[in-house]
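What follows is a short report on a single structure.
To find a chain, count down the sequence lines: A is the first, B the second, and so on, and within it residues start at 1.
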Amino acid sequence: ALPLSPAAAREAVRIGVLKFGTVNWELDVIKTHALDKKEGIDVQIVEFAGRDATSVALLAGKVDVIVIDWIWVSRQRAEGSKLTFVPFSSAVGALMVPADSPVRTLADLKGKRLGISGGPIDKSWLLIRAMGLSQAGIDLDDAVDKVFGAPPLLNAQALAGRLDGIITSWNFLAELEARRFRTLVSVEDAARAIGISGTLPLLGYVFDEGWGRDRRDAVAALVRASRSAKQILAESDAEWDRLRPLVKPADDATFAALKAGFRRGVPTSWGQAERDDAARAYAVMAKLGGAELVGRSPTLQPGVFWPDVTY
Amino acid sequence: MLHRSVWPYIASIAALLLLWQLAAGWVDSRALPTPMAVLAVLEREVTSGALPYHLAVTLARVAASFFLALLIGSAIGIVMGRSVLIDRLGDSWLIVFLNLPALVTIVLCYVWFGLTEAAAILAVTINKIPNVVVTVREGARAISRDLLEMAQVFQLGRVRTLRHVVLPSLGPFIIAAARSGLAIVWKIVLVVELLGRSSGVGFQINLFFQLFDVAGILAYTIAFVAVIQLLELGVLQPLERRANRWRR
Amino acid sequence: MLHRSVWPYIASIAALLLLWQLAAGWVDSRALPTPMAVLAVLEREVTSGALPYHLAVTLARVAASFFLALLIGSAIGIVMGRSVLIDRLGDSWLIVFLNLPALVTIVLCYVWFGLTEAAAILAVTINKIPNVVVTVREGARAISRDLLEMAQVFQLGRVRTLRHVVLPSLGPFIIAAARSGLAIVWKIVLVVELLGRSSGVGFQINLFFQLFDVAGILAYTIAFVAVIQLLELGVLQPLERRANRWRR
Amino acid sequence: MTALVVDIREKRYPAVGRADAAVALRDLRFEAASGELLCVVGPSGCGKTTLLNIIAGLDRDFSGRMTLPPMAKGRPAIGYVFQNARLLPWRTVLENIELVMPPSEGRRRRALDLLAATGLGDVAQVYPERLSVGMGRRVALARAFAIDPQLLLLDEPFVSLDEPTAQRLRLLLLEIWGRQPTTVLFVTHDLREAILLADRIIVLSPPPARVVASIPIALPRDAQRDAAAIEAVRRQLLDELGDSFGTL
Amino acid sequence: MTALVVDIREKRYPAVGRADAAVALRDLRFEAASGELLCVVGPSGCGKTTLLNIIAGLDRDFSGRMTLPPMAKGRPAIGYVFQNARLLPWRTVLENIELVMPPSEGRRRRALDLLAATGLGDVAQVYPERLSVGMGRRVALARAFAIDPQLLLLDEPFVSLDEPTAQRLRLLLLEIWGRQPTTVLFVTHDLREAILLADRIIVLSPPPARVVASIPIALPRDAQRDAAAIEAVRRQLLDELGDSFGTL
Ligand SMILES: Nc1ncnc2c1ncn2[C@@H]1O[C@H](COP(=O)(O)OP(=O)(O)OP(=O)(O)O)[C@@H](O)[C@H]1O
Ligand SMILES: Nc1ncnc2c1ncn2[C@@H]1O[C@H](COP(=O)(O)OP(=O)(O)OP(=O)(O)O)[C@@H](O)[C@H]1O
Ligand SMILES: [Mg+2]
Ligand SMILES: [Mg+2]
């Protein structure tokens, strides 16, 4: 028998998250139900106040895992940081307009004031641009009056009626949805329009390749724990009620929208087809986003996706 | 006397609150909650213990960086203000460090020294020092030559000249650097906490920002401002009065 | 003369570059690229026209807010420094605005006035004014009573007293406020651009930061610092020398 | 006609730090006729400068009353030669003088004439910190003369000047005084000088100062008062007033 | 024994702004024996203060040479009564004096004694800006005496003092000078004072200053020099030197 107690032997996995972010909901479920212990790891949550803070923390070695998109991972690999990715969520953003807006199609947006969170290299924005190009034949980049800004500010602007449309991530959209905004195009639509499956996970747990190679079991355990947590969240409304203080919704409608959005975003499959989709999407976004987005690598770098995990 | 000196303060704070109430009533938006709403949040956060904890952490960081920056910055400022050669040599470095975005220093400190408390404080200090240098340097340039010559003739030596001639002459400049410095340090600490700490007012404020909870942001801001206000009335102003009592 | 005054600058900038190169070689991390790597990015961004465009936008914002803040802040500072009553009345407001996090002002300005240029400049100006006030107020308190009395006896009147007695006395304080003010304004502009503008160095730096491209961040920083350095050598220092030529 | 009524019950400087309050003047009363040239003498620190400041309107914090005759445009033009020169260090000698003069065609001419008359023709473009003490004093004198004052206050204007220069300036004073009706208050420690110039000498007591004697000088002014006559009056005064005037 | 050799070829102040360069001293040579009391007289602005500054070692920017005898510990202790008082405004009168004295048991006692001797016993705790000009001058005098100087430089120390006070201080100077071998350089415009005090009078020319006469005063010192004797010497000097000393 080993001299170490099982608890001490459990591999610690430090995950850097936004305190009120969606990842933390899942991690909270993992911790509450001791899913990590069941899988033989010890998930340690390190909370931050900004998304950028989590990437600084990963690069400074303060955490082992963060949640971010694979385009970023590819770029970092090209620059020499061998990071790698397993899926977390396929929930994406959308382009929303006020319910009574005359805007019906992308082409109607011409000359309108469009809020875009995340800046000119935001993935949702790039995919919707690609859709505009392929379907309506307009480049939104030239056609609309772009307003880049921080997501909370853009939401406030949209609610104040200062924007004709807004592209932002799904968790910020929930509030708009609850306040009589409608979806003009979702990013899933946009992806499908350029021939990519709508359930492609964009966000994932990201960690250093070397770290993962030394802890293959721990990574696998994390993925299993994550999927168990998603299972619980998909099925149990009671679990959501428990989580409510962490979700901090403005009202019940927003809460419902957030719940639905999360459930919609649970990745269902992660195999070669999805990886090929990703490579194609990357090529499209690389063309639109240019070097600003992808740095020196016009194609998806090999090794971006952690090979061990498929489902 | 106490009565006379405290009265205008109370009046002006009351006016500020009134203005706030009116503005909040007028715009009636989530972006500017009423004083009462903020007070409710303040009470909630104080009772939960969150505010005292985060405030204490932030105050400790502010204090440490502030004193370090003031000490080092004043020393460099005096030397640069009194020696033309060192001033020339150091000036371009000063301008570089003065204009380095806080982001750059903070990220570099974090990446090099890890997400540690020391790195955070170092980052703030590096950010703040150049501002102190610039202010104190102007002061050092303006020191009365008459008095320096007196100190030289009477052979006061470096230490006593510093203590009795240079530092008192710098008084107003150091006070200015300290006052606005405290505010700047606090603002940089907010960024430092946003980028890599899991505690502190900056951490909290940014969380509230994600949720667009302006009441929460204001509650924490007010708590900090209240502490500074107390420091002003209880420490800085008496000190300043003492330091200025020689004035005609 | 030119030779003598420019030489130490060149030497010290060379030393700074050398130190940077050594540090970059030593840590060998993406967090600190070498000067050459940054230069390459700089060249790319200049050729593409992106850097000149964003830099110009940012400089315009910095200039507008800087002059507004300096003007309004000096006026308030002089009044507060010379009138005990107004000082008492205004002091708590000053402390509140001094310590209001940039985030709060920026968010409120954007929310009220929309994501517009005017809102951005207003936010920066409001953020910066209290710092100017604090510095200039100390200067106003330290104005020689002898000279003010002279102005009073000889009935110079308000305007000429301001121009010939008050402003020259404030010289070092205003210079200090301007130098460190320029740097602070630039840093606040970065935040303002980050939160709600679609152009400018802050906007770019934030993009680079999202991608963790430190070379890009440094390239833009250096471009701005170079502009400030030129301003220093070409405008501020000659002005300062002129303003100080009366000194013994 | 009475140009000036001084009736001060008490002038007290408040206590500061460990220093006690000081009563500088008590029950000090005198009047001056329009066009009278009054010399004020009294021991060092007795309150002469305090008295002049009160008359100049710089110090209103006393009990009692002080009245100047109302003039067509407000108060009479007052020329004050302070005990220290109080020149604006950042303005040249010429600028310092022009500054107090009402703007007019011949202003520069008149300022230059006055500088020439005070022996400062060469230093019109010099900044005051580069003058010798005696030269600075003469600039202050020229400045006070430049406004054609109705009331001229002089606080030991001729100390730090060599005898020939002092004598020349005394005559200049008499000339300017004779040209238009100017009431002059002249503080001096030099009894010979007082006798040379005064219509009347006012003798103050040690602090708290009051008037101990008011001595009309009966010497005719048309024939210049000569050394022997002055010496005679001086003897007589010393005999009358005891040795409070010393013996040299 | 020679205490001081002054041999200045030229002392020139550089041109600034629109003011020309000024030659203050040219070919100025004299020596002082150890323990000698030398009075320096000369017209206003001729270069007396410039000369004292050079001797005090404050100004090394001249051509020629100036030597003080080497002492056991470096240069001799120099007491300098500047033409303006140069007291530290933020230190009380007593602190100003104690500051220049080497720390020792009886320091405070001695400082208080000196204050009493200069008639300032009451104002030991007062800040200098609250003194009258004459009182400030006396503090400066007490400070120079307090260090038991080997070389004492006095730049018109007794102006702005009433005759009895000045006379008391002259005697105090003689007493201190007699107590230990002190070389004294005494600048004055008052020929009577010079004759009363001096072993020798050095007369300087108008600028650029050089020595035009060096006149030993033969009056015996033991019997106090009385007014009549002084007046006699003065007549004689005036006859010899022409009217460059005026007539009063
Ligand atoms: N601002 C002040 N605060 C406190 N005390 C003062 C102030 N100014 C003057 N005094 C005191 O008042 C008295 C009179 O001072 P004042 O300057 O009027 O004397 P004075 O007659 O002009 O002397 P002097 O001949 O030396 O110039 C002095 O004892 C001085 O210490
Ligand atoms: N810092 C300076 N820069 C330029 N010129 C100066 C400076 N100091 C003095 N001078 C000039 O040098 C000359 C001599 O000045 P100094 O002060 O030595 O005269 P002084 O004999 O002491 O006169 P006073 O009796 O008036 O005190 C003057 O003409 C003066 O204008
Ligand atoms: Mg006086
Ligand atoms: Mg002099």
Side-chain angles (χ1 to χ4, degrees), chain D residues 13 16-20 22 24 41-50 82-84 92-93 119-120 122-127 130-135 137-138 155-156 158-168 170 189-193 196 207 226-227 230-231 243-248, chain E residues 13 16-20 22 24 41-50 82-84 92-93 119-120 122-127 130-135 137-138 155-156 158-168 170 189-193 196 207 226-227 230-231 243-248:
Chain D
Y13 289 107
V16 173
R18 275 187 289 173
D20 297 329
V41 299
S44 169
C46 76
K48 303 178 291 297
T49 302
T50 304
F82 298 92
Q83 208 165 358
N84 47 357
T92 61
V93 165
L120 295 169
D122 294 344
V123 294
Q125 302 295 348
V126 171
Y127 288 101
R130 299 205 173 78
L131 298 176
S132 81
V133 172
M135 293 159 93
R137 212 163 260 291
R138 283 181 270 161
D155 204 345
E156 304 194 50
F158 304 139
V159 301
S160 293
L161 297 176
D162 55 306
E163 247 324 287
T165 307
Q167 189 63 10
R168 215 171 47 239
R170 286 183 199 114
H189 284 302
D190 184 341
L191 206 50
R192 290 183 184 88
E193 182 174 79
L196 172 73
D226 73 352
I230 288 171
E231 205 56 36
D243 62 1
S244 67
F245 282 105
T247 51
L248 194 67
Chain E
Y13 289 107
V16 172
R18 274 186 291 171
D20 298 331
V41 300
S44 169
C46 77
K48 302 178 294 296
T49 301
T50 305
F82 297 93
Q83 208 165 358
N84 46 357
T92 62
V93 166
L120 296 169
D122 294 345
V123 294
Q125 302 297 347
V126 172
Y127 288 101
R130 298 207 175 77
L131 298 177
S132 82
V133 173
M135 293 159 93
R137 210 161 262 292
R138 283 181 271 161
D155 204 345
E156 304 194 53
F158 303 140
V159 301
S160 293
L161 296 176
D162 56 305
E163 247 323 287
T165 307
Q167 188 64 8
R168 216 172 44 240
R170 286 183 200 116
H189 284 301
D190 183 341
L191 205 50
R192 291 183 183 89
E193 181 174 78
L196 173 72
D226 72 355
I230 289 171
E231 206 54 35
D243 63 1
S244 66
F245 282 105
T247 51
L248 194 66

Among the listed options Arg137(E), Met135(E), Arg168(E), Gln83(E), the residue most often paired with chain D at heavy-atom distances under 4.5 Å: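 With the most close heavy-atom pairs to chain D, the winner is Gln83(E).
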Top of Val93(E), Val16(E), Val159(E) for chain D proximity - count of heavy-atom pairs under 4.5 angstrom: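 Option with the greatest count: Val16(E).
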Winner by heavy-atom pair count (cut-off under 4.5 Å) against chain E, out of Val126(D), Asp122(D), Val133(D): Val133(D)
Under 4.5 Å from any heavy atom of chain E - which part of Thr49(D): neither
Segment of Arg138(D) engaging chain E (4.5 angstrom heavy-atom cut-off): side chain
Contact check, side chains of Ser160(E) and Ser44(D), non-hydrogen atoms, under 4.5 Å: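 With C-beta onward as the side chain, the pair stays apart.
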Per-residue contact mode, Arg130(E) against chain D (heavy atom under 4.5 angstrom):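 Contact with chain D: side chain only.
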Reported CZ-to-CZ distance for the pair Arg192(D) and Arg192(E), which is rounded to 0.5 angstrom: 3.5 Å
Contact summary for Asp162(E) and Pro43(D), nearest pair of heavy atoms: CG-CA, 3.6 Å
